[in-house]
Amino acid sequence: MTLPSTKILTSDNQEAATQAKSGGCGCDSKSSATVEMDEKLKERIAKHPCYSEDAHHHYARMHVAVAPACNIQCNYCNRKYDCANESRPGVVSELLTPEEAAHKAIVIAGKIPQMTVVGIAGPGDPLANPEKTFRTFELIADKAPDIKLCLSTNGLMLPEYIDRIKQLNIDHVTITLNTTDPEIGAQIYSWVHYKRKRYRGVEGARILLEKQMEGLQALREADILCKVNSVMIPGVNDQNLIEVNKMIREQGAFLHNIMPLISAPEHGTHFGLTGQRGPSQKELKAVQDNCSGNMKMMRHCRQCRADAVGLLGEDRSQEFTKDKFMEMDAEYDLEKRTLVHEGIEKFKEELEAAKQKAFAGKKFANTPKILVAVATKGGGLVNQHFGHAKEFQIYEVDGNEVRFVSHRKIDQYCQGGYGEEATFEHIMKAIADCKAVLVSKIGNCPQEKLQEVGIQTVEAYDVIEKVALEFYEQYVEGLEARD
């Protein structure tokens, strides 16, 4: 892996980083025990791209599809296979045996040394396939001890397997928990299969919720970090998600990820076929904002496939299909991986110093919040051509803070001259509420079209926060000049 060169990280920035680490005046109201606990927690999430917003710019993950069976039927899920062009949970191109999955993980750990996490998220539920799930983790842990192990579950069988999860040193578990109300759950789940019996309606939803609550408590007692995923379904559970947020915080969850319902009819889900819409970007952000005061919110989720590979926002799974990775040697090199990770951490320090320098001495009072769209390939930089972007990362800027709030998928603009007009219309809808697009380069034609609708373009190759703040200063100056 070659780390990106910004050409803007100077010795001044390094000095700023040193000052930041020293803690300024050294005054801190926290006890030493609390600080130590916080540092240990930071270390646990530092290289997990799902649990750390910062890590997702630099570290990669992979999912291995070894768990085909599921013990509940969600009305937003249809586990199709062989859908390489789809990016949504429950979709895979091919199923693997534990041995194949372990070999794939070791191969990719060599090919992509910044890959730090192997997760099992389906295409069914890992704990409905316990033998395959735990055998896969055993094989990977034996051959690649530096890789974090992670699983995602609906929580139905979590209480029964908590000891095994702890034994295998699986330190991160995600539970999909959509409601605190069985009446609402009856609208979300078609059936729940528990102890060899199938339950429907409120009864099934109640059993699921009880087991999810038991699982949350068991994870807290076992000191396993828990992320809770909630699918936002307008008119069904959207009003209840604040209660979900409150409840999981009280139960010790570390992170809450409120995701939009994906309900296109072509996916063949119950919600898709019955016309249930997903939330708008504005609706989703409003619920996330209302919950953000209670606990840490995850806003960088990409709702990944069950066989995703690479950084969040990219999917390299087609580079590592079974016919390819089974022919590759497992060249796992811990020393090489360690050197790459050390390089990433050094680069992150330089980025942080550059951010601090950009904000130094700059304070704005009573200035409006605006959104900007960023084209990035990762690394915390504006470093992607407008025409190559398949998503924009959206940041909220108010002069005192540059805050990541969401990502928005788009169709790639540059497609060899085919369909660019329709593609541009789709892009426009995705970023219509943004004041600017920050890109490494952009062609004259799309630039002119964006300007016509009042969206400015900024060309740069630099730290996202720095570029966003510089644009904001110009934006505010323009407002003051017009006044």
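Counting only distance, with no hydrogens or angles, the side chain of His300 and the backbone of Gln393 share no donor-acceptor pair below 3.5 Å. Under the 3.5 Å distance criterion, the side-chain polar atoms of Asn129 are left unmatched by any main-chain donor or acceptor of Lys132. Using modelled atom types, one side-chain atom of Gln288 and one backbone atom of Ile258 make a donor-acceptor pair closer than 3.5 Å. Under a 3.5 Å cut-off, the side chain of Lys47 and the backbone N or O of Val117 do not form any donor-acceptor pair. Judged by distance alone, the side chain of Ser440 and the main-chain N or O of Gln384 form a donor-acceptor pair under 3.5 Å. In terms of modelled atom types and a separation under 3.5 Å, the side chain of Asp54 and the main chain of Ala46 share no donor-acceptor contact. A donor-acceptor pair under 3.5 Å links the side-chain atoms of Gln73 to the main chain of Cys77, judged by distance alone. Within the 3.5 Å criterion, the main-chain N or O of Pro113 finds a donor-acceptor partner in the side chain of Arg337. A donor-acceptor pair is defined here as one N or O able to donate and one able to accept, closer than 3.5 Å; no such pair exists between the side chain of His103 and the backbone of Glu100. Between the Asp462 side chain and the Val467 main chain, no donor and acceptor come within less than 3.5 Å of each other.
Partner of Val402 under the side chain to side chain contact (heavy atoms under 4.5 Å, CB included) criterion, out of Lys355, Lys466, Glu465: Glu465 alone. Each of Glu345, Glu352, Glu350 was compared with Lys348 under the salt bridge (charged side-chain N to carboxylate O under 4.0 Å, His left out) criterion, and only Glu345 meets it.
The shortest distance between side-chain heavy atoms of Arg220 and Gln251 falls below 4.5 Å. Ser406 is not listed as a side-chain neighbour of Arg299, based on a closest heavy-atom distance of 4.5 Å or more. Put simply, the side chain of Val173 reaches to within 4.5 Å of the side chain of Ile165, judged on heavy atoms. In this structure the side chain of Tyr76 never reaches within 4.5 angstrom of the side chain of Ser263, judged on heavy atoms. When side chains are defined from C-beta on, Glu396 does not count as touching Ile370, because their heavy atoms never get closer than 4.5 Å. In this structure, the side chains of Asn75 and Thr269 stay at 4.5 Å or more apart for every pair of heavy atoms. A heavy-atom distance below 4.5 Å is not found between the side chains of His407 and Ile394. With contacts defined as side-chain heavy-atom distances shorter than 4.5 Å, the pair Ile175/Asn154 does not qualify.
Heavy-atom minimum distance, Val66 versus Thr97: CG1-O, 4.0 Å. Of all non-hydrogen atoms in Ala128 and Asn71, the two that sit nearest each other are CB-ND2, 3.7 Å. The nearest pair of heavy atoms linking Leu255 to Met295 is N-CE, 3.6 Å. Shown here for Arg277 and Leu261, the closest heavy-atom pair between the two residues is O-CD2, 3.5 Å. Nearest approach of Leu351 to Gly379, heavy atoms of both residues: CD1-O, 3.1 Å. Here the closest heavy-atom approach between residue Pro126 and residue Ser152 is recorded as CD-O, 2.9 Å.
Classification of Lys40 and Glu43 as a salt-bridged pair fails, no side-chain N sitting under 4.0 Å from a carboxylate O. Taking 4.0 Å as the cut-off between side-chain N and carboxylate O, Lys409 and Glu391 do not count as a salt-bridged pair. Look at Glu319 and Arg316 and you find a salt bridge, because one of the NZ, NE, NH1 or NH2 atoms lies within 4.0 Å of a carboxylate O, short of that distance. The pair Arg44-Asp223 meets the salt-bridge criterion, since a charged nitrogen lies less than 4.0 angstrom from a carboxylate oxygen.
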(request) Start with the C-alpha distance between Glu349 and Lys346, add both sets of side-chain angles, then the distance that settles salt bridge (Lys or Arg N to Asp or Glu O under 4.0 Å), and finish with yes or no. (result) CA-CA 5 Å; Glu349 290 179 3; Lys346 181 179 179 180; over 6 Å; no
(request) Tell me, with the steps shown, if Lys322 and Leu96 meet side chain to side chain contact (heavy atoms under 4.5 Å, CB included). (result) CA-CA 8 Å; Lys322 190 187 301 187; Leu96 305 178; 3.7 Å; yes
(request) Tell me, with the steps shown, if Val372 and Cys434 meet side chain to side chain contact (heavy atoms under 4.5 Å, CB included). (result) CA-CA 5 Å; Val372 298; Cys434 297; 5.7 Å; no
(request) Start with the C-alpha gap between Lys111 and Asp329, add the side-chain angles, then the distance that decides, and say whether salt bridge (Lys or Arg N to Asp or Glu O under 4.0 Å) holds. (result) CA-CA 10 Å; Lys111 301 289 185 182; Asp329 293 330; over 6 Å; no
(request) Step by step, work out the side chain to side chain contact (heavy atoms under 4.5 Å, CB included) result for Ile120 and Thr136. (result) CA-CA 9 Å; Ile120 300 178; Thr136 301; 4.0 Å; yes
(request) Decide side chain to side chain contact (heavy atoms under 4.5 Å, CB included) for Asp146 and Thr116; before the verdict, give the C-alpha distance in whole Å, the side-chain angles of both, and the deciding distance to 0.1 Å. (result) CA-CA 8 Å; Asp146 70 319; Thr116 53; over 6 Å; no
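Around the NZ atom of Lys166, the shell of radius 6.0 Å holds more than 12 heavy atoms that belong to other residues, nucleotides or ligands.
The line from CE of Met157 to OG1 of Thr153 is 9.5 Å long, rounded to the nearest 0.5 Å. Residue Asn383 holds its CG atom at 7.5 Å from CD1 of Ile464, rounded to the nearest 0.5 Å. Taken to the nearest 0.5 Å, the CG atom of Asp125 stands 5.5 Å off from the CG atom of Leu127. The distance from the NE2 atom of His56 to the SG atom of Cys301 is 10.5 Å, given to the nearest 0.5 Å. For the atom pair Ile233 CD1 and Asn178 CG, the distance stands at 5.5 Å (nearest 0.5 Å). Atom CD in Glu470 sits 10.5 Å away from atom CG in Leu438 (nearest 0.5 Å).
His256 and Ser230 are linked by a side-chain donor-acceptor pair at a separation below 3.5 angstrom, with hydrogens and angles left out of the test.
With ring centers used as reference points, Phe320 lies 6.0 Å or more from Phe325. Aromatic rings from His48 and His172 are positioned such that their centres are separated by under 6.0 Å.
Taking the ring centre of Phe134 as origin, the terminal cationic atom of Arg164 falls inside the region bounded by 6.0 Å and 45° from the ring axis.
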